[in-house]
Amino acid sequence: MAREPLRLLRATAQRAGTAAVSPLRRFRRSSLRRLRRPSLHRFRRPSLHRFRRPSLHPFRRPSQSPSPAASRNRAPAPFDPTPFDPAPLDPMALGSTAPARPLVRAAGLAAVTVLGAWIGLLVVGSVHISVGPMDTRMALRPSLTGGTKINVAPLGALELNSHHAPLRLDVDVDRLDPIRSQALVDHPERLSGLQDEVASDITRGTLGLAVRSCVAVVFGATALGLAVYRRPRRALAAGGLALTLLTASGGAVYATWNPNSVLEPRYSGLLSSAPSVVGNARSIVTDFDVYQRELARLVTNVTQLYEATSTLPAYQPDPTTMRVLHISDVHLNPAAWHIVQSLVRQYKVNVIIDTGDTMDHGTSAENGFLDPVSDLGAPYVWVRGNHDSASTQRYLAKRKGAHVVDNGGVVTVAGLRIAGIGDPQFTPDRSAAAAGDAAEHSAGRQLAEAIRDRKAAGSPVDIALAHNPIAARETDGTVPLALTGHVHHRRTEVLPGGTRLMTEGSTGGSGLRAVDDGTPDTVQASVLYLDRDTRRLQAWDEIDLGGLGLAKAEVSRHLPAENRPGATPTPTTP
């Protein structure tokens with residue numbers, strides 16, 4: 001009986017050692033649970049088994065408790081691995097998708113900023129200001145090319161290449177103040193100070209516009225950001241980004257600002273008096289007489305309108321200036337003669353220079369097309385093109401007021417000494433092989449030699465004429481100005497020897513063959529202003545008219561680099 005309590009105490013101790021869990025095993029099990037079920041670990045209530053004391057009930061019989069060997073061999077409770085998926089915990093998988101979301105958020109914020117800033121500029125980003133005699137409204141608009149556009153509704157617009165930035169300055173002329181306009185008429189001497197007045201007005205208006213635009217873009221971007229994100233922090237970020245973009249654009253405007261662009265405006269407009277009945281190609285063919293009269297009217301109106309709206313400081317020809325009308329490549333378009341007559345009247349042209357391809361096939365049947373030359377209102381100087389035959393040249397030489405130059409010959413018209421050479425090729429003649437550029441180079445060298453001989457004799461040539469630019473390039477350094485055509489598009493360049501080569505487009509809009517084209521060619525001509533004493537080029541106007549069936553007109557004024565403000569005058573050739 002004495003041993004019974006001792007046996008009971010030993011059995012109780014064994015049961016306590018079996019039921020208790022060692023601290024190391026508890027750590028391992030808890031770590032395994034955190035790894036296998038991470039999603040449920042934070043919500044699982046901690047197990048209370050670590051606080052459970054082993055039972056020491058003195059009346060429990062040892063037979064009712066498992067033996068120590070059975071406790072050691074007992075298998076752990078089964079664990080279901082189904083809820084555990086290691087893929088979401090793969091750091092490589094997470095790294096491949098995580099960077100995409102910041103980029104999307106940044107792109108969305110940029111889109112909201114740009115759209116909100118644009119809306120802000122459209123709604124409140126404009127100011128009203130007086131510029132010279134005009135009441136205007138100035139506004140900034142997004143643009144890919146920049147520049148300044150002055151809208152004179154409903155007459156047209158003046159476009160200035162004033163800067164290169166993603167912002168365009170729009171100036172809408174609301175009305176012309178009659179009092180200030182009449183003051184300029186009554187006191188013409190005020191025109192000399194108009195440039196400073198306009199510059200001061202534009203500067204003042206630009207500063208006010210800059211402040212208002214900053215407020216507009218910040219308000220627009222912030223408001224739209226708040227509507228889209230519904231978070232004040234995101235909305236303020238959009239407003240700050242809009243202000244940064246506007247500031248950067250303003251810096252680009254300041255860095256690329258060209259104040260001399262006001263000297264070379266481009267006028268464009270769809271006039272109310274333009275012919276509306278001229279439409280498709282068939283109506284042009286059936287009512288061509290109506291078309292040519294209306295197109296001549298368009299020329300008259302657009303040139304008058306250009307002079308009337310030219311309040312910006314531009315080159316103004318004076319009585320000592322000679323006006324030369326340069327045309328080329330008429331190609332049997334009878335409307336060209338009406339256009340030339342209108343330009344001669346409006347610009348008070350002294351000399352007309354035609355650099356060839358007046359005909360299309362050069363046949364004798366076409367010679368009657370040249371009869372209006374005598375009634376153009378100014379002397380007509382002509383050089384043969386590759387579509388003009390020898391028969392064409394002989395017929396034109398007999399017309400009143402016409403002067404034909406060829407083989408380096410020189411004519412003096414209105415005080416200008418003009419030399420020229422006809423195109424050595426007649427391409428409509430399929431029986432003769434084309435001589436190519438070699439023949440053009442040879443003709444150009446012949447013309448240059450003739451000009452040098454005239455200069456050596458004390459009678460330097462003022463203008464050289466050739467139909468093909470390849471031939472005219474050979475005269476570089478022998479003459480101040482060379483005029484050509486042939487390529488049906490206008491271009492101007494100063495050659496290495498100092499000769500300015502001016503190539504005119506097609507004054508006939510590539511002729512009646514343009515009727516067959518989907519997009520008619522532009523009718524082009526130029527008015528050159530030459531100093532009467534030095535016979536040097538002072539400025540020129542480029543005139544572009546919509547081709548057959550179109551009613552759009554553009555006049556752009558250009559100045560040579562040596563005639564710009566602050567430039568060093570080019571010494572005249574003795």
Side-chain angles (χ1 to χ4, degrees), residues 326-337 352-371 373 380-399 402-409 419-448 450 464-475 482-491 501-517 519-525 547-548:
H326 183 199
I327 66 174
S328 188
D329 296 85
V330 173
H331 284 288
L332 285 180
N333 187 349
W337 300 133
I352 303 169
I353 294 180
D354 187 348
T355 48
D357 271 6
T358 311
M359 315 301 274
D360 212 355
H361 302 286
T363 62
S364 300
E366 298 172 348
N367 288 341
F369 174 74
L370 300 172
D371 291 343
V373 166
Y380 179 84
V381 181
W382 181 85
V383 66
R384 185 179 68 250
N386 61 294
H387 281 262
D388 304 319
S389 64
S391 172
T392 301
Q393 182 166 317
R394 289 191 297 268
Y395 185 87
L396 183 60
K398 299 177 183 178
R399 306 305 304 168
H403 303 269
V404 176
V405 289
D406 194 10
N407 298 322
I421 190 167
D423 198 298
Q425 304 181 81
F426 180 55
T427 53
D429 185 6
R430 304 300 182 185
S431 62
D437 293 346
E440 303 294 342
H441 284 292
S442 178
R445 288 191 292 269
Q446 180 182 349
L447 176 59
L465 305 183
H467 176 67
N468 197 313
I470 296 176
R473 288 180 178 276
E474 297 292 336
T475 65
L483 305 181
T484 65
H486 183 64
V487 294
H488 288 205
H489 63 268
R490 181 191 293 118
R491 62 189 179 195
L501 177 61
M502 304 186 73
T503 303
E504 190 55 75
S506 175
T507 309
S510 298
L512 292 180
R513 70 183 71 180
V515 172
D516 298 330
D517 297 337
T519 303
D521 291 342
T522 303
V523 176
Q524 295 182 325
L548 296 176

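Considering NE2 of His361 and CG of Leu332, their distance stands at 7.5 Å, rounded to 0.5 Å. To the nearest 0.5 Å, the span separating CG on Leu483 from CD1 on Ile327 amounts to 12.0 Å. Of the inter-residue distances, the one linking Asn468 atom CG with His486 atom NE2 reads 4.5 Å to the nearest 0.5 angstrom. His441 NE2 to Ile470 CD1: the interatomic distance, rounded to the nearest 0.5 Å, is 5.5 Å. For the atom pair Asp357 CG and His467 NE2, the distance stands at 3.5 Å (nearest 0.5 Å). The line from CG of Asp437 to CD of Gln425 is 8.0 Å long, rounded to the nearest 0.5 Å.
By the side chain to side chain donor-acceptor pair (under 3.5 Å) test, Glu504 pairs with Arg490, Ser526, sequence neighbours left out. Every residue two or more places apart in sequence or in another chain was checked for a ring pair (Phe, Tyr, Trp, His ring centres under 6.0 Å) with Tyr395, and none qualifies. Partners of Ala443 according to the side chain to side chain contact (heavy atoms under 4.5 Å, CB included) rule, which considers only residues two or more places apart in sequence or in another chain, are Ile421, Pro424. Taking Thr503 as the reference, Pro469, Thr484, Val487, Arg491, Leu501 meet the side chain to side chain contact (heavy atoms under 4.5 Å, CB included) condition, with sequence neighbours excluded. Every residue was checked against the ring pair (Phe, Tyr, Trp, His ring centres under 6.0 Å) condition with His326, not counting sequence neighbours, and none meets it. Looking at residues two or more places apart in sequence or on another chain, you find a side chain to side chain donor-acceptor pair (under 3.5 Å) between Thr358 and Asp354, Trp382. Under the side chain to side chain contact (heavy atoms under 4.5 Å, CB included) criterion, Ser391 pairs with Ser364, Asn367, Ser389, Arg394, sequence neighbours left out. Taking His489 as the reference, nothing meets the side chain to side chain donor-acceptor pair (under 3.5 Å) condition, with sequence neighbours excluded. Under the side chain to side chain contact (heavy atoms under 4.5 Å, CB included) criterion, Ala402 pairs with Val373, Tyr380, Leu396, Arg399, not counting sequence neighbours. Remark: Thr475 pairs with no residue by the side chain to side chain donor-acceptor pair (under 3.5 Å) rule, at least two apart or across chains.
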| task | Please report the C-alpha distance between Asp423 and Glu440 in whole Å, then the side-chain angles of each, then the deciding distance to 0.1 Å, and finally whether the side chain to side chain contact (heavy atoms under 4.5 Å, CB included) criterion is met. | result | CA-CA 7 Å; Asp423 198 298; Glu440 303 294 342; 2.9 Å; yes
| query | Going through the checks in order, is the side chain to side chain contact (heavy atoms under 4.5 Å, CB included) test met by Gln393 and Asp388? | reply | CA-CA 7 Å; Gln393 182 166 317; Asp388 304 319; over 6 Å; no
| query | Please walk me through it: do Arg384 and Asp406 pass side chain to side chain contact (heavy atoms under 4.5 Å, CB included)? | reply | CA-CA 8 Å; Arg384 185 179 68 250; Asp406 194 10; 2.9 Å; yes
